[in-house]
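Each chain gets a letter, A, B and so on, in the order its sequence line appears, and its residues count up from 1.
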Protein chains: 2
Amino acid sequence: MQDGTSLSPGYPGDTVRGDAYAADCPTRRLLDRVGDKWSVLILLLLGDSPRRFSELKRCIAGVSQKMLSQTLRSLERDGLVTREVDGSVPIKVVYRVTPLGRELLGALRQMIDWAETRMGAVAAAQARYDARGETAAEMVALPG
Amino acid sequence: MQDGTSLSPGYPGDTVRGDAYAADCPTRRLLDRVGDKWSVLILLLLGDSPRRFSELKRCIAGVSQKMLSQTLRSLERDGLVTREVDGSVPIKVVYRVTPLGRELLGALRQMIDWAETRMGAVAAAQARYDARGETAAEMVALPG
DNA sequence: CTGTATCCAAAGGGATACTG
DNA sequence: CAGTATCCCTTTGGATACAG
């Protein structure tokens, strides 16, 4: 794989801003980070209120200790959450969203709302598509 | 609205409504679909104007024929793009965003804008984080 | 309690070859 | 032109064990 930055469409009539659609455009880089299995879930939870590691673990159904830790480390590295270690044994760690993280959460708001209101429509479209496929298969198996 | 926003957990007792952050919430399902390597890029391109397969292939640096085809099929199945086959050899196929797809694009707008203006801040945060790590490593290697 | 390290299975995705 | 099929390497992420 190449770096993908090149891109020189210059197609007649297309208004594409050159690098806007490169494989490493900002949008792609963001999705590479928060498009994983747990990041947005964690961000939402922390946006709600600061939480300790074990609380997050309990709140998020199905997350493994490894992935929770790993994802939190990534979010911290990206400047989206902070990590505060409290005292000694038994150690307590509190995670909070940073202003940058809260900003991102705001930018994700519309997408989240869309998902909640429209993923039903997507599911319906999938059902129609799959039904069409099955019908076609039947027509081949049982031609008129 | 819904599940992701208005929960009121008082900190310690965590009042989180169980399934609100389940791994299969609408947001997670959406990200499972458009969080992949090419979906949003393709959607953005088609939102700009309808395009043929080969145009998309040329516009998107680094995409393989397999992944372009596969991603378009998914988007079509989800009701986000349409596929129109034009005539005979050499065959031509035009893809367009559907109203639902355009709606999603609108919902992604803020996220995209945030990415374009703030991913620099994220990169900076990463640099700081990594520098801290290296410094710590040096301090271990070369203690006082 | 909050992690890290290791092992392993499954999914993602690129290269290539082939088809209508 | 617009795909599909195959091979295969890489990445993701769960389970488990261990540690401060």
Side-chain angles (χ1 to χ4, degrees), chain A residues 1-4 11 23-24 28-29 31-42 46 50-77 81-96 133 136-137 140, chain B residues 11-12 14 22-24 28-29 31-42 45-46 50-77 81-96 133 136-137 140:
Chain A
M1 71 169 126
Q2 73 284 49
D3 63 1
Y11 192 69
D24 66 339
R28 184 86 283 289
R29 290 207 311 276
L31 286 173
D32 275 341
R33 273 299 301 109
V34 303
D36 63 16
K37 205 166 177 180
W38 306 110
S39 288
V40 172
L41 247 34
I42 293 173
L46 294 181
R51 280 186 165 81
R52 291 179 43 194
F53 186 88
S54 51
E55 293 181 73
L56 289 169
K57 181 93 170 59
R58 258 180 300 114
C59 289
I60 303 177
V63 71
S64 66
Q65 200 164 25
K66 169 189 167 183
M67 288 315 298
L68 181 55
S69 178
Q70 184 173 305
T71 305
L72 284 166
R73 210 65 59 243
S74 286
L75 293 172
E76 186 193 0
R77 176 168 182 263
V81 312
T82 60
R83 175 176 181 272
E84 289 171 41
V85 183
D86 162 23
S88 52
V89 186
I91 196 176
K92 293 180 187 179
V93 180
V94 177
Y95 292 92
R96 307 172 190 276
V140 171
Chain B
Y11 175 38
D14 56 85
D24 67 339
R28 185 83 286 286
R29 292 208 309 277
L31 287 172
D32 275 340
R33 273 299 300 111
V34 304
D36 63 16
K37 204 166 178 180
W38 306 109
S39 288
V40 172
L41 247 33
I42 292 173
L45 226 30
L46 294 181
R51 281 186 165 80
R52 292 179 43 192
F53 187 88
S54 51
E55 293 181 73
L56 290 169
K57 181 95 172 59
R58 258 181 301 113
C59 290
I60 302 176
V63 72
S64 66
Q65 201 165 23
K66 170 189 167 182
M67 288 314 299
L68 181 54
S69 179
Q70 184 173 305
T71 305
L72 284 167
R73 209 64 60 242
S74 285
L75 293 172
E76 186 193 2
R77 177 169 182 264
V81 313
T82 60
R83 174 175 182 273
E84 287 171 44
V85 182
D86 162 22
S88 52
V89 186
I91 196 176
K92 294 180 185 179
V93 179
V94 177
Y95 292 92
R96 306 172 192 276
V140 170

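- Taking side-chain N and O atoms only, Ser64(B) has a distance below 4.0 Å to OP1 or OP2 of dG14(C).
- Using a distance-only test at 3.5 Å, with no hydrogens or angles considered, no donor-acceptor pair links the side chain of Ser69(A) to the main chain of Gln65(A).
- Of the side-chain N and O atoms in Lys66(B), none sit less than 4.0 angstrom from OP1 or OP2 of dC7(D).
- Proximity of Arg52(A) to the phosphate of dC1(C): no side-chain N or O atom is located under 4.0 Å from OP1 or OP2.
- With rounding to whole Å, Glu84(B) atom CD is found 19 Å from dC1(D) atom P.
- Atom pair Phe53(B):CZ and dG20(C):P shows a separation of 18 Å (rounding to whole Å applied).
- Rounding to whole angstrom units, CG of residue Asp86(A) and C1' of dT2(C) are separated by 12 Å.
- A salt bridge links Arg73(B) with Glu76(B): the closest approach of a Lys/Arg side-chain nitrogen to an acidic carboxylate oxygen falls below 4.0 angstrom.
- Map Tyr95(B) and Asp36(A) each onto its nearest nucleotide of DNA chain D; the residue landing nearer the 5' end is Tyr95(B).
- Taking 4.5 Å as the limit, some side-chain heavy atom of Lys37(B) sits within range of a side-chain heavy atom of Arg28(A).
- For the pair Arg83(A) and dT2(C), the criterion of a side-chain N or O lying under 4.0 Å from OP1 or OP2 is not met.
- The CD atom of Glu55(B) sits 13 Å away from the C1' atom of dA2(D) (whole-angstrom rounding).
- Between Ile91(A) and Val85(A), some side-chain heavy-atom pair lies under the 4.5 Å cut-off.
- Atom pair Lys92(B):NZ and dC1(D):C1' shows a separation of 9 Å (rounding to whole Å applied).
- Each of Gln65(A) and Ile91(B) was assigned the nucleotide of DNA chain C with the nearest heavy atom; the assignment lying further toward the 5' end belongs to Gln65(A).
- In this structure, the CG atom of Leu56(A) is 14 Å from the C1' atom of dG3(C), given to the nearest Å.
- Between the CE atom of Met67(B) and the C1' atom of dT4(D) there is a distance of 14 Å, given to the nearest Å.
- Using a 4.5 Å cut-off on side-chain heavy atoms (C-beta onward), Val63(B) and Thr71(B) make no contact.
- With rounding to whole Å, Lys57(B) atom NZ is found 13 Å from dG13(C) atom C1'.
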